[in-house]
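Order of the sequence lines sets the chain letters (A, B, ...), proteins ahead of strands, with each chain counted from 1.
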2 protein chains.
Amino acid sequence: MIDLALQSEELSRIEKQLHQAGLKLTPQRRATVKTLLRLHESHLSAEELFAKVKEAEPDIGLATVYRTLEVLAELRIVNRVSFEDGITRYDLRTEDSGHFHHHLLCQVCGRVEEIHEDLLLDVEQKVEQDYGFKVADHRLTFLGICAKCRAKQHLQ
Amino acid sequence: MIDLALQSEELSRIEKQLHQAGLKLTPQRRATVKTLLRLHESHLSAEELFAKVKEAEPDIGLATVYRTLEVLAELRIVNRVSFEDGITRYDLRTEDSGHFHHHLLCQVCGRVEEIHEDLLLDVEQKVEQDYGFKVADHRLTFLGICAKCRAKQHLQ
DNA sequence: GTAGTTGCAAATTTTTTGCACCATC
DNA sequence: GATGGTGCAAAAAATTTGCAACTAC
């Protein structure tokens, strides 16, 4: 969740990006982006997002949500991510955190935490040096047990 | 690709793991595992794997391949991985490389390279210390441009 | 003979596409 | 009046499930 002032700032940033690509921020796209901003960090699937957007924009079609997500992914406004369940989820790329974030997937409770610190600077440098691979982005998920579930386990 | 002696060694290791779980290494499962061993590092989808396995075992059904992969994933013999295309792929977890490997996905040619060196030991330690998250496994993919494609680009 | 396994077809779920219509500059 | 965008329904992919038949201890 981010506050409303920041949300509308992000929204106009995104509008600008769309315009630069010759695309429009239609009411449907606006509603979709606003929902993504509001439910930031929820890692919604297209269906889940559709259900949420429909609350604000009841006439929107599922296909539009898919098409919007495709556009946003192309403009690198959202990232496609998928965890172990085979479902594609969408993750807003917020400007503040320097573009990168990592995920902590708890195998007990299933929740996904985000880390907004970039832990891979050294590793990326090594990959570039040792493998000649020019890194543009990354996806990093740790699977394990979150602090809460560990605490619960210790109580038992 | 790994050599044949190693392949049959891995195969009997996997058979043992199945037996310990009260499951059988049927001809269909054997053919599936052998194909995975043979095409190691190909990151096949279920459909692709099915097509390959069918060459050795023409009567096998697609559902069996899906069910076999589910079993193998549960026993942690394979990992489910997915890159940006929304398709679930399967990756054999070989014993030799200490269980971990990372991926380099080239955004120009689309190929996936593997890194068999564990680059995350320090990072995992930090995650455990700073976030209280007990790491059991990870998924790491770098997106960027591979050495070959970079070389080609420089020639132009 | 019991427990695990299979192939097939049908069902489900996820995602994409075709198309006629709408909005806007 | 082009161009981009939309909703709807149909289609296509990807995956799962039900079930009767099979296999091996």
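Using a 4.0 Å cut-off, some side-chain N or O of B:Tyr66 falls inside it from OP1 or OP2 of D:dT15. Between D:dT15 and B:Thr88, a contact under 4.0 Å exists linking OP1 or OP2 to a side-chain N or O. Considering only side-chain N and O atoms, B:Arg29 lies under 4.0 angstrom from the phosphate OP1 or OP2 of C:dT6.
Atom CD1 of residue A:Ile145 and atom CZ of residue B:Phe133 lie 8.0 Å apart, to the nearest 0.5 angstrom. Remark: A:Arg89 CZ to A:Leu49 CG distance equals 11.5 Å, nearest 0.5 Å. Between A:Ser82 atom OG and B:Arg80 atom CZ the span is 11.5 Å, to the nearest 0.5 Å.
To the nearest angstrom, C1' of C:dT6 lies 9 Å from CD1 of B:Ile60. Taking atom CD of A:Glu57 as the reference point, atom P of D:dT6 lies 10 Å away to the nearest angstrom. In this structure, the OH atom of B:Tyr90 is 6 Å from the P atom of D:dT15, given to the nearest Å.
Closest to the side chain of B:Ala63, out of D:dT15, C:dT17, D:dT17, is D:dT17.
Nearest-nucleotide assignment on DNA chain C puts the 5′-proximal partner with B:Leu18, out of B:Leu18 and B:Gly86.
Classified by interplanar angle (parallel below 30°, tilted 30° to 60°, perpendicular above 60°), the ring pair A:His101/A:His116 is tilted. Between B:His138 and B:His102, the two ring planes are tilted [angle within 30° to 60°].
Residue contacts shown for A:Leu62 include a base, since a base heavy atom lies under 4.0 Å away.
Of the candidates B:Arg139, B:His40, B:His103, B:His103 is the only one forming a side-chain hydrogen bond (donor to acceptor under 3.5 Å, both in side chains) with B:Asp91.
Side-chain N/O atoms of A:Arg67 and base N/O atoms of D:dG7 include a donor-acceptor pair closer than 3.5 Å.
Non-hydrogen atoms lying under 4.0 Å from DNA chain C are contributed by nothing in residues 20-28 of chain A.
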